[in-house]
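Structure first, commentary second.
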Amino acid sequence: MIHKITEYISEEALDKRIREVAAQISKDYAKKEIRLICILKGSVFYTCELAKRITVPITLDFMSVSSYGSGTESSGTITINKDLDESIEGRDVIIVEDIIDSGNTLSKLIPMLQVRKPASLKVTTLLDKPERREVDDVNVDYVGFEIEDKFVVGYGLDYDQSYRDLPYIGIVEL
Ligand code: IMP
Ligand code: MG
């Protein structure tokens with residue numbers, strides 16, 4: 001199916017903002033090594049762009065969790081489809097998310113990772129839809145862009161697995 005997609009955040013604006021976030025993280029983690037945890041699949045593009053611009057040493061790991069079916073609403077529970085390869089014990093960990101919507105995914109994921117005893121655990125997300133939040137225990141440390149309540153695609157984000165490859169963030173006309 002082909003949808004009409006309107007550009008919402010340009011490639012240039014994304015690049016500029018990711019540089020700023022990377023600079024802030026590099027400053028906050030001076031003399032440390034960061035374990036970036038990319039939450040598949042949506043965060044792949046943001047993780048790569050962020051990792052390239054962070055100036056302190058990083059290591060990468062990947063995790064896949066699902067809270068959405070093929071639709072656009074969060075189901076309220078998460079399933080681990082692929083766990084991390086490495087232990088995070090004693091590591092300075094940053095979870096890299098594509099978007100925080102209801103907050104349900106993170107409010108389940110954070111305690112799951114906390115029990116593995118990282119030295120620290122922070123969260124960055126490219127996009128945040130604060131209006132949609134259903135939980136109040138999710139603290140996001142580094143936000144790329146706060147956006148309004150629209151369903152967006154591109155830069156890793158999908159609609160039914162499509163449009164992840166768009167180099168910008170677009171709004172789908174559903
Ligand atoms: P939450 O659990 O409701 O915070 O949802 C987080 C996940 O829902 C994200 O990691 C995305 O995979 C997905 N999601 C939420 N909003 C959007 C959107 O506007 N476009 C694409 N995926 C979305
Ligand atoms: Mg996701």
Side-chain angles (χ1 to χ4, degrees), residues 8-67 74 78 80-133 135-147 152 154-158 164 166-169:
Y8 183 57
I9 306 174
S10 71
E11 196 173 355
E12 293 71 27
L14 288 160
D15 181 71
K16 180 169 180 280
R17 183 65 189 132
I18 294 171
R19 274 176 205 284
E20 289 169 0
V21 174
Q24 185 63 50
I25 291 174
S26 304
K27 197 170 148 223
D28 295 352
Y29 287 81
K31 301 200 168 67
K32 288 187 176 167
E33 180 179 296
I34 305 170
R35 170 73 47 86
L36 289 181
I37 296 184
C38 171
I39 308 301
L40 297 168
K41 302 168 187 162
S43 306
V44 167
F45 288 56
Y46 177 44
T47 302
C48 295
E49 297 308 312
L50 188 66
K52 287 192 284 183
R53 292 166 177 84
I54 291 174
T55 55
V56 300
I58 65 140
T59 54
L60 281 176
D61 207 346
F62 299 85
M63 194 167 187
S64 169
V65 297
S66 43
S67 65
S74 181
I78 65 165
I80 298 185
N81 305 316
K82 185 224 167 290
D83 207 339
L84 298 171
D85 290 335
E86 315 275 343
S87 162
I88 55 170
E89 191 172 342
R91 301 281 177 167
D92 291 301
V93 174
I94 303 181
I95 300 172
V96 185
E97 263 290 16
D98 50 356
I99 187 164
I100 301 173
D101 185 40
S102 68
N104 284 319
T105 307
L106 269 184
S107 80
K108 304 225 167 40
L109 184 60
I110 291 169
M112 234 149 125
L113 295 180
Q114 282 291 12
V115 300
R116 302 183 189 187
K117 300 190 168 46
S120 65
L121 183 60
K122 286 193 181 184
V123 178
T124 181
T125 186
L126 180 61
L127 306 174
D128 186 12
K129 287 187 203 170
E131 273 174 55
R132 297 261 304 170
R133 205 70 91 248
V135 295
D136 52 18
D137 59 344
V138 166
N139 180 45
V140 191
D141 303 280
Y142 306 98
V143 176
F145 296 87
E146 278 196 3
I147 63 168
V152 292
Y155 221 81
L157 290 143
D158 72 303
R164 292 191 194 275
L166 296 176
Y168 55 85
I169 298 288

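Counting from 1, the numbers follow the sequence of the chain as shown. Predicted model only: the values in this text are computed from it and were never measured.
From Asp158, atom CG reaches atom CG of Leu166 across 11.0 Å, with rounding to the nearest 0.5 Å. Taken from CG in Leu157 to OG in Ser43, the straight-line distance is 8.0 Å, to the nearest 0.5 Å. For the atom pair OG1 (Thr125) and CD1 (Ile99), the distance works out to 7.0 Å, reported to the nearest 0.5 Å. Taken to the nearest 0.5 Å, the CD1 atom of Ile34 stands 4.0 Å off from the CD1 atom of Ile94. For the atom pair OH of Tyr142 and CD1 of Ile18, the computed distance is 15.5 Å after rounding to the nearest 0.5 Å. Atom CG of Leu106 sits about 11.0 Å away from atom CG of Asp101, to the nearest 0.5 Å.
Sorted by first and then second residue, the pairs that involve residues 49-58 and meet salt bridge (charged side-chain N to carboxylate O under 4.0 Å, His left out), not counting sequence neighbours, are Asp15-Arg53, Glu49-Lys52, Glu49-Arg53.
Summarising the geometry of Lys122 relative to Tyr29, their closest heavy-atom pair is CD-OH, 3.1 Å, with the distance given to 0.1 Å. What you find for Leu126 and Tyr46 is that their closest heavy atoms are N-CE2, 3.4 Å. Residues Ala22 and Ser26 come closest through the heavy atom pair O-OG, 2.6 Å. Contact detail for Ile80 and Met63: the closest heavy-atom pair is CD1-CE, 3.7 Å. Taking both residues in full, the closest heavy atoms of Asn81 and Ser66 are given as ND2-OG, 3.1 Å, listed atom of the first, atom of the second, then distance. Shortest non-hydrogen contact noted between Val138 and Gly103 is CG2-O, 3.5 Å.
When side chains are defined from C-beta on, Ile25 counts as touching Leu50, because their heavy atoms get closer than 4.5 Å. Contact annotation: the side chain of Phe45 never approaches that of Leu14 to less than 4.5 Å [non-hydrogen atoms, C-beta and beyond]. Between Phe145 and Ile169 there is no side-chain heavy-atom pair separated by less than 4.5 Å. Inter-residue side-chain proximity for Asn104 and Val135 is flagged as met; some heavy-atom pair is nearer than 4.5 Å. Counting only heavy atoms from C-beta outward, the side chains of Val140 and Glu97 never approach each other to under 4.5 Å.
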| task | Run the numbers on Ile9 and Val152 for side-chain contact (heavy atoms from CB on, under 4.5 Å), then give the verdict. | result | CA-CA 10 Å; Ile9 306 174; Val152 292; over 6 Å; no

| task | Give the C-alpha distance, both sets of side-chain angles, the deciding distance and a yes or no for side-chain contact (heavy atoms from CB on, under 4.5 Å) between Leu113 and Ile37. | result | CA-CA 11 Å; Leu113 295 180; Ile37 296 184; 4.2 Å; yes

| message | One pair to check against salt bridge (charged side-chain N to carboxylate O under 4.0 Å, His left out): Arg91 and Asp61. What are the steps and the verdict? | response | CA-CA 12 Å; Arg91 301 281 177 167; Asp61 207 346; over 6 Å; no

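In this structure, Ser87 has no side-chain hydrogen bond (donor to acceptor under 3.5 Å, both in side chains) partners at least two apart in sequence or on a different chain.
Taking a cutoff of 4.0 Å between a charged side-chain nitrogen and a carboxylate oxygen, Asp128 and Arg133 qualify as a salt bridge. The pair Arg164-Asp98 fails the salt-bridge criterion, with no side-chain N (NZ, NE, NH1 or NH2) lying under 4.0 Å from an Asp/Glu carboxylate O.
The neighbour count for Lys16 NZ, taken as heavy atoms of other residues, nucleotides or ligands under 6.0 Å away, does not exceed 12. For Asp137, the CG atom sits in a packed shell: over 12 heavy atoms of surrounding residues, nucleotides or ligands are nearer than 6.0 Å.
Remark: side-chain polar atoms of Arg116 are not paired, donor with acceptor, to backbone N or O of Ile88 under 3.5 angstrom. Side-chain atoms of Ser10 come within 3.5 Å of backbone atoms of Ala13 as a donor-acceptor pair (strictly under, hydrogens ignored).
With no hydrogens or angles considered, a side-chain donor-acceptor pair links Thr59 and Arg35 at under 3.5 Å.
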